[in-house]
Number of protein chains: 2
Amino acid sequence: MLQKKIIKILTDAGYKLTRQRRIIIEVLLKNRRPLTALELYNQAKHRLPAISHDTLYRNLEVLSFLKVVSRINARGGDLFELEKHHHHHFTCLQCGEVKCLDGCPIGPGQLAEARRQGLEVVYHKFELSGYCNKCKPAERM
Amino acid sequence: MLQKKIIKILTDAGYKLTRQRRIIIEVLLKNRRPLTALELYNQAKHRLPAISHDTLYRNLEVLSFLKVVSRINARGGDLFELEKHHHHHFTCLQCGEVKCLDGCPIGPGQLAEARRQGLEVVYHKFELSGYCNKCKPAERM
DNA sequence: CTTTCTGCAAATCGTTTGCAATCCT
DNA sequence: AGGATTGCAAACGATTTGCAGAAAG
C-alpha cells in the first residue's frame, strides 16, 4: 500500500492529516515488518521529537480500525505493521524473533467449520511458532 | 485430558500438588472454553477465598509451560483453556464472544512456506474473526 | 471558525516480583 | 526437614484517559 493510498483512506474516513500521522505512516512504510509500539515510537521521535506515546497509540488504533495497519497480539506488547499484502507470521519460541511468511495458505477449506456453525468470517490470523534457523540446534528445556 | 492425567504431568515434572493447583485445574476442567485470568480467578476464589491473583498467574504459567493449558494472546488480556483437543477459535467483532471450532483444518500444506524458510513449526494458532449468528444481521460500522 | 488532534500528566489494566511465612513430600 | 509454593504488597510495563491548548480543513 502506498502512502497516497493510505492518506486517501484516512481523509476519506474524515480524519485529518496531521504531521504526526504522516510521520507514523512513513515509519510504518519504511519498516516492512511487525514492530512494537515502542520501536515505532522511537523511530517517530527521531523525526519529530515532541511526539508522544498516546498520539502514537491513538493513531495505531485509528489505522488498525481502517485496516491500514494490522495488529498482532503478542506476549509483552502488541506488534503493528502495514497491511500490505495479506500474510502471516512465525514467532521463535527461543529468541522471540517474528518472521513474515509469504502468501496465505488459508482457503475455503480451512473456513468450512466456521461456516458450518453459521459464522461469517471476515478476517483470519494464522500464527506459527517454533524454532528459527538460528535456534533450531539449541537446547530446548 | 482428565484430572488424573494432568496431575501426573504436574508431579512427574517435579511440581507439588497444592490445594490451589488442584482447584485451578478443577476450574479449568469445568469450563471447557477460553477464559480470562479474571474469570478463572473469580471461580477459583469461590472455592478457595484466600487464593490470590499471583498464584493463579504463576500456575497458569506452569500449566502453559507443561502444555496442559493453552494461552491465547488477546486484546485486553490473555485467555486460557485446557489443551484438550487441539482446536481454534472464532471471535465476534461485534459482541466479542469467542467460539470454539471443532477440528483443525491446518495440514502440511499450510505449513509449507514456513518449512521452505527452514523454520521448525511446533505450534500454530488459527484465529478467525467476523460476525456470529446473533450479530450477523446487525449494523456494522 | 469549528472540529479534530495533540501533549501532558495521571490513571488504569493485566501481569509480575521480592519476601517472609506456610505447605507438600 | 527442606525446598517448593503461597499471599501480600508493591512494582511493572503497556496502553488509555481527561483536559486545555494547538492545528487542520
Side-chain angles (χ1 to χ4, degrees), chain A residues 6-27 34-66 68-81 96 98, chain B residues 6-25 27 34-66 68-69 71-81 96 98:
Chain A
I6 295 170
I7 291 173
K8 181 165 172 18
I9 292 172
L10 205 58
T11 51
D12 282 359
Y15 292 97
K16 293 181 175 174
L17 181 58
T18 62
R19 197 139 110 77
Q20 14 287 84
R21 274 187 187 146
R22 200 189 301 268
I23 287 174
I24 291 168
I25 292 167
E26 283 169 17
V27 169
L35 296 174
T36 62
L38 185 58
E39 290 174 309
L40 290 169
Y41 174 73
N42 288 332
Q43 293 197 31
K45 198 175 186 64
H46 188 255
R47 309 268 230 96
L48 178 61
I51 201 168
S52 64
H53 284 281
D54 13 311
T55 297
L56 174 63
Y57 279 111
R58 275 186 286 231
N59 284 313
L60 289 174
E61 187 60 44
V62 168
L63 294 171
S64 303
F65 174 72
L66 296 175
V68 167
V69 160
S70 68
R71 165 182 224 131
I72 305 162
N73 298 131
R75 293 272 290 141
D78 289 352
L79 302 172
F80 303 87
E81 81 176 322
V98 174
Chain B
I6 295 171
I7 290 173
K8 181 165 171 23
I9 292 172
L10 203 59
T11 51
D12 281 1
Y15 293 97
K16 292 180 176 174
L17 182 57
T18 61
R19 197 139 109 80
Q20 14 287 87
R21 275 188 185 145
R22 200 190 302 267
I23 287 174
I24 291 168
I25 292 167
V27 169
L35 296 175
T36 63
L38 185 58
E39 290 175 307
L40 290 169
Y41 175 72
N42 288 332
Q43 292 196 33
K45 200 177 185 62
H46 187 256
R47 309 268 229 96
L48 179 61
I51 202 169
S52 64
H53 285 283
D54 14 312
T55 296
L56 174 63
Y57 280 112
R58 275 186 286 230
N59 284 313
L60 289 173
E61 187 61 42
V62 168
L63 294 171
S64 304
F65 174 72
L66 295 175
V68 168
V69 160
R71 164 184 223 130
I72 305 163
N73 298 130
R75 293 269 292 139
D78 289 351
L79 301 173
F80 302 86
E81 80 177 321
V98 174

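In what follows, chains are A, B, ... by sequence order, proteins preceding strands, each numbered from 1. Note that this is a predicted model, so its numbers are computed, not measured.
Taking a heavy-atom distance under 4.0 Å as the criterion, the stretch of DNA chain C touched by chain A extends 5' to 3' from dT3(C) to dT16(C).
Along DNA chain C, the nucleotide nearest G77(B) and the nucleotide nearest G14(A) are compared for position; the residue whose nucleotide lies closer to the 5' end is G14(A). Positionally, the nearest nucleotide of DNA chain C for R71(B) lies more toward the 5' end than for the other of R71(B) and Q20(B).
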(request) Starting from the C-alpha separation in whole Å, work towards a yes-or-no answer on side-chain contact (heavy atoms from CB on, under 4.5 Å) for I25(B) and L10(B). (result) CA-CA 11 Å; I25(B) 292 167; L10(B) 203 59; 4.2 Å; yes
(request) May I have the step-by-step check of side-chain contact (heavy atoms from CB on, under 4.5 Å) for V62(A) and V68(A), ending in yes or no? (result) CA-CA 9 Å; V62(A) 168; V68(A) 167; over 6 Å; no
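Residues satisfying the side chain to side chain donor-acceptor pair (under 3.5 Å) criterion with R47(B), sequence neighbours excluded, are E26(B). By the side-chain contact (heavy atoms from CB on, under 4.5 Å) test, N42(A) is found to be paired with L38(A), residues two or more places apart in sequence or in another chain being considered. Listed by chain and residue number, Y41(B) satisfy the side chain to side chain donor-acceptor pair (under 3.5 Å) test with K45(B) (two or more places apart in sequence, or in another chain). For S70(A), the side chain to side chain donor-acceptor pair (under 3.5 Å) test picks out no residue, with sequence neighbours left out. Evaluation of the salt bridge (charged side-chain N to carboxylate O under 4.0 Å, His left out) rule for R19(A) yields no partner, not counting sequence neighbours. For R21(A), there are no salt bridge (charged side-chain N to carboxylate O under 4.0 Å, His left out) partners two or more places apart in sequence or in a different chain. In this structure E61(A) satisfies the salt bridge (charged side-chain N to carboxylate O under 4.0 Å, His left out) test together with R71(A), R75(B), sequence neighbours excluded. For Q43(A), the side chain to side chain donor-acceptor pair (under 3.5 Å) partners are N31(A), not counting sequence neighbours.
Closest approach of A13(B) and L66(B) over heavy atoms only: CB-CD2, 3.8 Å.
Among the protein residues, R75(B) comes within range of the sugar-phosphate backbone only, with heavy atoms under 4.0 Å from sugar or phosphate atoms but none that close to a base.
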(message) Taking Watson-Crick (N1-N3 plus N6-O4 or O6-N4) and G-U wobble (N1-O2, O6-N3), each under 3.5 Å, can you produce the dot-bracket string of DNA chain C? Use [ ] for crossing pairs and | for inter-strand ones.
(response) ||||||||||.|||.||||||||||
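The stretch residues 38-64 of chain A touches DNA chain D through D54(A), Y57(A), R58(A), each having a heavy atom within less than 4.0 Å of the strand.
From I72(B), atom CD1 reaches atom CG of D78(B) across 9.0 Å, with rounding to the nearest 0.5 Å.
dT15(D) and dC19(D) have their P atoms separated by 24 Å, with the value rounded to a whole Å.
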Under 3.5 Å, which protein N or O atoms sit close to an N or O of nucleotides 21-25 of chain D? Give each pair with its distance.
{"unit_1": "dA24(D)", "atom_1": "N3", "unit_2": "K16(A)", "atom_2": "NZ", "d": "2.9"}
{"unit_1": "dG25(D)", "atom_1": "OP1", "unit_2": "L17(A)", "atom_2": "N", "d": "3.3"}

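Rounded to an integer number of Å, the gap from L79(A) CG to dT15(D) C1' is 14 Å.
The only member of V69(A), L40(A), T18(A), I51(A) that meets side chain to side chain contact (heavy atoms under 4.5 Å, CB included) when paired with I24(A) is I51(A).
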